[in-house]
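Structure record follows, encoded as structure tokens.
All chains are named by letter (A, B, ...) in the order of the sequence lines, taking the proteins before the strands, and each is independently numbered beginning at 1. Quick caveat: nothing in here was measured; it's all calculated off a predicted structure.
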Number of protein chains: 4
Amino acid sequence: MSHNSFGHLLRVTTWGESHGPALGCVVDGCPPGLRLDPADIQVWLDRRRPGQGRFVTQRQEPDQVRILSGVFEDEAVRARFGGQVTTGTPIALMIENVDARSRDYSDIARAFRPGHADWSYFAKYGVRDYRGGGRQSARETAARVAAGAIARKIAPGVEIRAALVQIGPHAIDRSRWDWAQTLSNPFFCPDAAMVEVWEAHLETVRKAGSSTGAIVEVEARGVPAGWGAPVYGKLDAELAAALMSINAAKGVEIGAGFAAAALSGEDNADEMRSGAGGPVFLSNHAGGILGGISTGQDVVARVAFKPTSSILTPRRSVDEAGAEIEVRTRGRHDPCVGIRAAPVVEAMTACVLADAFLRHRGQTGYDGTPIGDD
Amino acid sequence: MSHNSFGHLLRVTTWGESHGPALGCVVDGCPPGLRLDPADIQVWLDRRRPGQGRFVTQRQEPDQVRILSGVFEDEAVRARFGGQVTTGTPIALMIENVDARSRDYSDIARAFRPGHADWSYFAKYGVRDYRGGGRQSARETAARVAAGAIARKIAPGVEIRAALVQIGPHAIDRSRWDWAQTLSNPFFCPDAAMVEVWEAHLETVRKAGSSTGAIVEVEARGVPAGWGAPVYGKLDAELAAALMSINAAKGVEIGAGFAAAALSGEDNADEMRSGAGGPVFLSNHAGGILGGISTGQDVVARVAFKPTSSILTPRRSVDEAGAEIEVRTRGRHDPCVGIRAAPVVEAMTACVLADAFLRHRGQTGYDGTPIGDD
Amino acid sequence: MSHNSFGHLLRVTTWGESHGPALGCVVDGCPPGLRLDPADIQVWLDRRRPGQGRFVTQRQEPDQVRILSGVFEDEAVRARFGGQVTTGTPIALMIENVDARSRDYSDIARAFRPGHADWSYFAKYGVRDYRGGGRQSARETAARVAAGAIARKIAPGVEIRAALVQIGPHAIDRSRWDWAQTLSNPFFCPDAAMVEVWEAHLETVRKAGSSTGAIVEVEARGVPAGWGAPVYGKLDAELAAALMSINAAKGVEIGAGFAAAALSGEDNADEMRSGAGGPVFLSNHAGGILGGISTGQDVVARVAFKPTSSILTPRRSVDEAGAEIEVRTRGRHDPCVGIRAAPVVEAMTACVLADAFLRHRGQTGYDGTPIGDD
Amino acid sequence: MSHNSFGHLLRVTTWGESHGPALGCVVDGCPPGLRLDPADIQVWLDRRRPGQGRFVTQRQEPDQVRILSGVFEDEAVRARFGGQVTTGTPIALMIENVDARSRDYSDIARAFRPGHADWSYFAKYGVRDYRGGGRQSARETAARVAAGAIARKIAPGVEIRAALVQIGPHAIDRSRWDWAQTLSNPFFCPDAAMVEVWEAHLETVRKAGSSTGAIVEVEARGVPAGWGAPVYGKLDAELAAALMSINAAKGVEIGAGFAAAALSGEDNADEMRSGAGGPVFLSNHAGGILGGISTGQDVVARVAFKPTSSILTPRRSVDEAGAEIEVRTRGRHDPCVGIRAAPVVEAMTACVLADAFLRHRGQTGYDGTPIGDD
């Protein structure tokens, strides 16, 4: 992680502001010979896309991605791979901003919205693009999702999916967890019974000109044991950084997470029995990671998102000149950024895992054969 | 963060196993001309040192640090700085392991302790140093604390301190918070009334051959606005990685953290009034970081530690040959690794902040003058 | 340097193939508040642009650069800075490929041109974009020149210029060196008397369906003492990597370079006398760098470029199937890539110096005051 | 390359000053399961060791290396591997300085030796360890050689060897090249007839209180096609940086190098014929690297070293106070640092190649099978 890049062998660099002409990313280090069409990326962008429901921003962005480099196709490639493939060179992706309204920003151009990065950007740089939040806008996450679509293709057999487990004070009932549900409601909610509660809550929040926080849980299946590296390149440390870097994230936990603090050693230890492809675990408090290295269990993480800071309710603040003011943010904003964060959490997890896979293969020569089978 | 290094302009690399001859670190990129004696490092190592109470491992390690490079002193230096100073070249620190008992390890040499990284290291590398936990041992954190002692000297005016806020299910009463208390009890506990409760809990845990988790909170005062960088080098993202990389950490949160998910936008937004040196905030849900950049408020983070996995209570497991076994871990172990983690959390926070300071100064020419005073 | 990025605090990532829709770069870590218009970049791109003479490729690329992010302008910015400025966030630049002829590539699609990277790309990736050389094309250097234009704005007071000092066997007479000449002939030649010789040589080369090598010399004035860092981040080591990474480069030397091997210690040592702003040197065999750190003298480097490998003269080779073939490369190619390399050498030097400046400022707090004046 | 580290997946960090208690390195990212004893490292250190002839420094350093971490051995490991092996965790190596004479340094403590980094270090850091050259001392290269010994074990089948091809103005006759000679004379000279000439030259130089430069050539055999990466992580770019970072290096060239500038395209292109394991090349002007990626030919590079700047002949200079002085350097110095540079050049080449191998394996899954055999 440095400035606007992350990853080691698979390195993602993003760029772009909310109201600039476009945003995008460069994905460098992708293995060659992977099938990659724009549609492979578009499907994930469409899941994250704004303007898709009553409870997300009304900004209408088609988020059409263009692949500008790093892929190739000719007759021989089609015959061998079935279509366009990655070449191993950097893949540049671009998404144009088409619904950035050039309205008058005079009311926030010099003001610092409480809870927003207006002030900290100003303090750091002395100058900032305040239109639509500039670089701090959640639009930047479209580039993450695009990069994640490529990352998903890299680590063979890994399946990544995320769900919202809490909106505001309303947490799901985990006993009703059903992954299929996450695809059939606008909240990525795995608990069918909770959807109505969340709708009602969000309706109240919207009418009050307020906003609300949320918690997203992500699970990666099919991660073999051995990915990650001691002691600062730990898989959980890299996941923590990647997830905490998402706009509005305030907390990250792995497996049992904060609840582990209250457990006894006996309860927290995931016991093992012998299985065909290595140990079989009887529980997963570890969230699939021990000592920073994957165990072969599902990798499980949760991310807490704060409520959107752009709200209609007036808040006390100051402006660039130091004058005391009241701020209320008009414009198009998500009342709960956590909702659209689920695809972003998936994407960041995919990027971290793909990079860990490549590095593990580099250091150890890992070829997919489980320990014990060689 | 890569393998065993972290940081950018200030880069820390650690090495060493629990039962090897020594452990240590290289701190590269330190500014020149900072006063640095071994005693400046020893004071922090002594706070982390094992063998200091009934509830920590009985391994007796003096943890005497040697500075092997990167410092200089002659008459002219003494006259100008008052003693030995850093030269800007890499500072190598070494701590010898003197109480690594060469006992028989046959009972764990081929076994995987549940909840421990035994299995994941084996799965990754195929070979591992199991003596005392090898590279996974909490002894590695001594090197972090040593590096942190140098980092503390780099960022001017920043004061970092940590406290335990929960052991097992017993959380402190925050209304009784008193920093002075953290220096007068063996638990870095800021709530005097909680000390007895924790003692009783730990006594029970110890007698049961069990272990318990904990939560550590860290606060950095005096961090000016403007440190950190969008969007993957965010200050909170780097803190999250640094703190999650500590042994046994399972969760990290900034400011209100996971609780922010339940808040409304009005409650979460930290309102501002005008102050002499920039905005004055009326609350600190943000934990001093917005958009990945420091706001000038105290930086506040919490880390959850799982219970020690080395326990006397037998647990079901498997060994390298795939045989199903029961494991109980004899030897000297902390029943609550979280206790000794407080100085480590401080050290990692110091390293992250010092690096952020140097990078901010590099990119912007920041010279310590607050925004508006130039 | 990793994959397709280089630099530390100032990090440049480039992307794009010769016949893809576009090429470009992301420049991350640029200080905020620097005036930057497309014209500031275009002027340097125009110097490198193909299609400008008889001895360069006839491909007609306007090389119009677009700034897609990282800059901002409003009334307040104009009032304060005079126009659009950098914001400190990543600057994405894009140049569209408009004259990529979609001709039939069947004659080289499966063949490996001797001296070209066709074979090595194939051996590495198994698949490659052979159209116009793909990622190996000299078109990639347009992105370097664009990045260099930004880098030139970062290091205050540094002036960078390059000249060709040899084409084929014909080296200039250094006693006739005149920088002004480099701007008035198509070869960046500082020796007016050599221009005709080179023209004749290139005419012969062109008629023979051959190509020729060249040597470029670059000089950076105004670099203060103290930039660079021991011992692997040395200024000359980073320059060497940056310059060697340019297409067709086969050698790099600093100051006296290879000639230093034949010198005695007395002759090589640059003696010093006392000056107003630090030492005054009586010679510059060091090329402005000692111990990897700038001395305050001009930084001087030379880069050797091999002859273009795409030539009309048939050469023996093999194809992907292992068949023995003869290859001659039709199409539009520079007979001497070294000619257009001069602006690229300048750009890479600018990027390395700007990054060294930022890191020096980060580590030491350097504010432009010479040693001794503080 | 950053500060005092280099490499990506295989990352080497060195530390230590000439007259500090010790010097050393940390080698991180080494694959697990490689046999490694101190003797495997010592053999290369012994080749580089000072005090071994009339024409090198008389400082007597045994350069005994200690492995402090990252290796393990027990009965099971011995049975499986035959002895101690790497574990995949960081390998810390330490070499104590035992012959650092605590003489009076008052004559150079405030003076800047011409051609030496005294001035540039002072300008950068304001304070420096001048004893024996401090961090700028050639003693630092012992750590490189130690790291290189590990790197040699990583890339299977690669053999690296270096020779001196020029001392002062006396270049070898390449037609007499005999690698066996390099092991039987003190100059790593492959031309038996040149040894006497060099001896006479060095004797003259020594008596004159002077010094002389040299050129070292390195060759790596057995590097398969495909290592390295476009376009800034090119194998030749990384080699150039690694070699230029060696003390006193002033130039680096690959294959035909600077001579390529004078060649025609026909002469420079290495023609190919079909072979069993891929193309067979009819010449090697490329030095085994095209487009930054290895071709399967021998990798060939040359490094020019300037004459030692510490000479007995007085030179004009200034001191820290700006006074004009004359400097002559007493003490123990190599009259030709290039001689002992040969093992260092080998070591740096080994590190770069090992890292390129690991990264290539990471990105592409390369398992040693040549292209076409899978």
Side-chain angles (χ1 to χ4, degrees), chain A residues 2-5 8-11 13-17 19-29 31-33 66-77 80-81 85-94 96 105-106 109-110 121 124-131 134-136 140 320, chain C residues 2-5 8-11 13-17 19-29 31-33 66-77 80-81 85-94 96 105-106 109-110 121 124-131 134-136 140 320:
Chain A
S2 74
H3 293 320
N4 294 276
S5 298
H8 304 264
L9 278 194
L10 183 74
R11 191 156 179 90
T13 302
T14 72
W15 54 269
E17 278 86 29
H19 285 219
L23 59 88
C25 64
V26 183
V27 178
D28 198 9
R66 288 182 65 198
I67 306 180
L68 297 174
S69 67
V71 292
F72 186 62
E73 177 177 18
D74 68 359
E75 212 170 303
V77 166
R80 188 165 148 218
F81 297 99
V85 297
T86 60
T87 59
T89 60
I91 302 169
L93 304 176
M94 184 169 73
E96 288 182 55
Y105 283 95
S106 55
R110 307 287 158 240
Y121 265 67
K124 182 173 193 73
Y125 299 119
V127 62
R128 66 201 162 95
D129 180 351
Y130 42 76
R131 300 166 307 158
R135 181 73 181 145
Q136 329 151 30
E140 186 270 339
E320 291 188 6
Chain C
S2 73
H3 293 320
N4 294 276
S5 298
H8 304 262
L9 279 193
L10 184 74
R11 191 154 180 92
T13 301
T14 72
W15 55 269
E17 279 85 30
H19 285 219
L23 59 87
C25 63
V26 183
V27 178
D28 199 7
R66 287 183 66 199
I67 306 180
L68 297 174
S69 67
V71 292
F72 186 62
E73 177 178 17
D74 68 359
E75 211 170 304
V77 166
R80 188 166 148 218
F81 296 100
V85 297
T86 60
T87 60
T89 60
I91 303 169
L93 304 176
M94 185 169 73
E96 289 183 54
Y105 283 95
S106 54
R110 308 288 157 239
Y121 266 66
K124 181 174 194 72
Y125 298 119
V127 61
R128 67 203 161 93
D129 180 351
Y130 43 74
R131 300 166 307 159
R135 181 74 182 145
Q136 330 152 28
E140 186 270 339
E320 291 188 7

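With a 4.5 Å cut-off on non-hydrogen atoms, C:Leu9 touches chain A through its backbone and its side chain both. For a residue to count as touching a neighbouring chain, one of its non-hydrogen atoms must lie under 4.5 Å from one of that chain's; by this rule A:Arg135 touches chain C with the side chain only. For A:Val77, the part lying near chain C is the side chain, with the backbone staying farther off; criterion is any non-hydrogen pair under 4.5 Å.
If you tally non-hydrogen atom pairs under 4.5 Å between each of A:Val127, A:Thr87, A:Asn4, A:Thr14 and chain C, the highest count goes to A:Asn4. When each of A:Pro31, A:Gly70, A:Ala22 is scored by its heavy-atom pairs under 4.5 Å with chain C, the top score falls to A:Gly70. Per-residue counts of heavy-atom pairs under 4.5 Å with chain A were compared for C:Ala92, C:Gly24, C:Gly20; the largest is that of C:Ala92.
Using a 3.5 Å distance cut-off with no hydrogens or angles, the side chains of C:Asp74 and A:Tyr105 do not pair a donor with an acceptor.
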(message) Test side chain to side chain contact (heavy atoms under 4.5 Å, CB included) on C:Leu68 and A:Met94; report intermediate values, then the result.
(response) CA-CA 10 Å; C:Leu68 297 174; A:Met94 184 169 73; 3.8 Å; yes
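The main-chain N or O of A:His3 is never found under 3.5 Å from a side-chain atom of C:Asp28 such that the two would form a donor-acceptor pair.
Heavy atoms only, all atoms of each residue included: A:Gly126 and C:Arg80 are closest at O-NH1, 3.1 Å. Residue C:Pro21 comes nearest to A:Arg66 through the heavy atom pair CB-NH2, 3.7 Å, listed as atom of the first residue, atom of the second, then distance. Listed here is the closest heavy atom pair of A:Arg131 and C:Phe72: NE-CE1, 3.4 Å. Of all heavy-atom pairs between A:Ser69 and C:Trp15, the closest is OG-CE3, 3.6 Å.
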